[in-house]
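What follows is one structure encoded as structure tokens, with my remarks underneath.
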Amino acid sequence: MNRRKFIKNASLTGAGLAVGSTLINCSEDNTKDKQTALNTNVKAKLPLVIATWHVENATAKAMEVLEAGGNALDAVEQGCMIEEANEKGQSVGKGGLPDRDGHVTLDACIMDKNGNCGAVVYLKDITHAVSVAKKVMEETPHVMLAGSGAKEFAISKGFEPEDLLTEASKKAWEEWKIKSEYKPIINIENHDTIGMLAIDKNGDISGACTTSGLAYKMAGRVGDSPIIGSGLFVDNEIGGCVATGLGEEVVKTVGSFLVVELMRQGKSPQEACEEAIGRIVNKPNSNYKDFQVGYIAVNKKGETGSYSIHQWFSMTKFQDGINEQIQSDYYNKS
Ligand code: SD4
């Protein structure tokens with residue numbers, strides 16, 4: 001299905017979760033208050049998975065793990081692995097678009113219900129960066145490994161090195177080299193980082209984020225996706241958030257941590273995502289018209305939200321037997 005054929009607007013997701021379609025008939029002036037009040041009293045149907053963009057195969061895999069009684073950590077890892085192995089996705093794992101020198105370099109991180117986390121940056125030749133990040137978390141005293149150290153660690157744990165540059169991505173890079181123009185473009189296929197959050201049957205939350213980063217980036221560039229607090233943050237008492245889009249802008253505002261902290265202060269996931277986007281677009285001299293950032297978030301009650309700067313960002317949500325793509329509300333309506 002084309003990304004632009006969406007199912008419904010994300011601003012209704014919290015309401016839909018709580019009371020099905022009844023809220024859709026609310027009058028505009030008091031809808032938000034009613035949503036908040038109703039959501040407070042209704043328990044979400046668990047388990048639940050959300051992910052950035054249109055990744056129904058990935059959310060289906062995560063849900064399969066959760067339905068079988070697996071935990072949220074294994075669910076987000078296995079869900080993200082689907083996109084890492086998908087060679088057609090040119091911004092994650094194998095088949096990712098390379099940096100300007102033709103090297104595919106991956107960034108990923110993962111975070112569990114206890115606040116443990118692991119990350120890899122500038123990882124070459126290993127498809128499942130998210131799994132290497134999980135191993136860093138579980139089998140080293142560290143949080144983050146980079147470059148050749150990350151690759152050597154992965155190989156020592158049995159990961160097979162392979163060439164991640166597919167013919168299609170090589171061709172795209174060769175075409176790009178003719179002009180060698182680097183512009184982060186709004187919502188095209190180089191913005192398909194997968195960030196995923198899951199709540200398992202026990203009500204515990206985990207998250208993961210994996211990407212080949214911005215296409216044709218400078219060699220050595222690392223984005224927000226593997227940075228705990230920027231591309232991903234989970235606090236099992238409160239909720240979780242993941243980011244996609246121009247990583248530099250997410251890092252500058254520590255976006256995912258910000259969203260979780262705003263939820264801690266009482267904001268809904270939707271309100272928190274909106275405020276975090278506000279921090280980016282309301283900066284003096286912000287050139288937000290030229291780039292995209294999107295957030296998705298879930299709180300402990302299972303309410304979800306998503307928001308972006310520009311149109312056409314979406315979230316995939318799998319809950320209560322329904323695996324659907326939900327259009328995100330967005331800031332730039334001009
Ligand atoms: C980055 N945030 O490396 C990532 C890119 C992205 O979809 O989200 N692509 O900046």
Side-chain angles (χ1 to χ4, degrees), residues 3 50-55 58 80 82-84 86 88-100 103-110 119-124 129-130 133 144 146-147 150 164 169 172 182-197 207-233 241-259 273 276-277 280 287-288 290-297 306-316 325 328 330:
R3 175 183 296 157
I50 55 172
T52 53
W53 301 110
H54 181 206
V55 287
C80 286
I82 295 288
E83 287 303 310
E84 288 179 332
N86 174 11
K88 289 199 184 123
Q90 288 187 303
S91 52
V92 179
K94 189 159 186 178
L97 290 169
D99 65 15
R100 55 185 58 185
H103 302 297
V104 181
T105 69
L106 306 182
D107 294 338
C109 71
I110 195 159
V120 287
V121 304
Y122 197 68
L123 176 68
K124 288 181 184 164
V130 72
M144 184 180 286
L164 302 184
S169 290
Y182 179 65
K183 284 197 213 127
I185 306 167
I186 297 167
N187 280 351
I188 61 160
E189 302 331 306
N190 72 350
H191 281 274
D192 271 349
T193 293
I194 176 165
M196 184 178 276
L197 298 160
C209 191
T210 180
T211 187
S212 53
L214 294 180
Y216 320 126
K217 60 196 174 185
M218 287 176 70
R221 182 264 188 191
V222 170
D224 60 313
S225 304
I227 310 289
I228 297 295
S230 291
L232 164 71
F233 196 71
C241 176
V242 283
T244 182
L246 185 62
E248 282 73 4
E249 297 297 323
V250 177
V251 169
K252 285 177 203 167
T253 49
V254 199
S256 291
F257 182 70
L258 174 62
V259 169
C273 290
I277 290 293
I280 296 172
N287 60 339
Y288 69 85
D290 298 336
F291 61 82
Q292 174 69 303
V293 171
Y295 292 111
I296 64 169
S306 72
Y307 200 65
S308 57
I309 299 176
H310 301 282
Q311 199 171 11
W312 307 126
F313 174 54
S314 64
M315 165 171 84
T316 305
Q325 188 188 16
S328 180
Y330 57 98

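In each ligand, atom 1 is the first atom listed, and ligand 1 is the first ligand listed. Below, all heavy atoms of this structure are taken into account, side chains as well, without hydrogens, waters or symmetry copies. Keep in mind it's a predicted model, so treat the numbers as computed, not measured.
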What atoms in ligand 1 come closer than 4.0 Å to a heavy atom of [X]?
{"X": "G213", "value": "3 (O)"}
{"X": "S225", "value": "2 (N), 4 (C)"}
{"X": "T193", "value": "4 (C), 5 (C), 6 (C), 7 (O), 8 (O), 9 (N)"}

Can you tell whether the side chains of E248 and K217 come within less than 4.0 Å, N to carboxylate O?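 A salt bridge is absent here (no side-chain N lies under 4.0 Å from a carboxylate O).
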Rounded to the nearest 0.5 Å, how far apart are OG of S91 and CG of L97?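 One finds 7.5 Å between OG of S91 and CG of L97.
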Selected option - heavy-atom contact closest to atom 2 (N) of ligand 1, from T52, V293, D224, L214: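 The nearest heavy atom belongs to D224.
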Applying the ring pair (Phe, Tyr, Trp, His ring centres under 6.0 Å) test to F313, which of Y330, W53, Y307 qualifies?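 It is W53; the other options fail the test.
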Quick one: salt bridge (charged side-chain N to carboxylate O under 4.0 Å, His left out) partners of E249, sequence neighbours excluded?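 E249 satisfies salt bridge (charged side-chain N to carboxylate O under 4.0 Å, His left out) with K252, K283 only.
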Can a non-hydrogen atom of R221 be found less than 4.0 Å from any atom of ligand 1?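 Yes.
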Hey, is S91 one of the residues with a heavy atom under 4.0 angstrom from ligand 1?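 No, S91 has no heavy atom closer than 4.0 Å to ligand 1.
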Return a yes/no value for [X]: is any of its N or O atoms, backbone included, closer than 3.5 angstrom to an N or O of ligand 1?
{"X": "W53", "value": "no"}
{"X": "G245", "value": "yes"}
{"X": "G247", "value": "yes"}

Looking at T316 and V55, what are the two nearest heavy atoms and their distance?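 Closest approach of T316 to V55: OG1-N, 3.0 Å.
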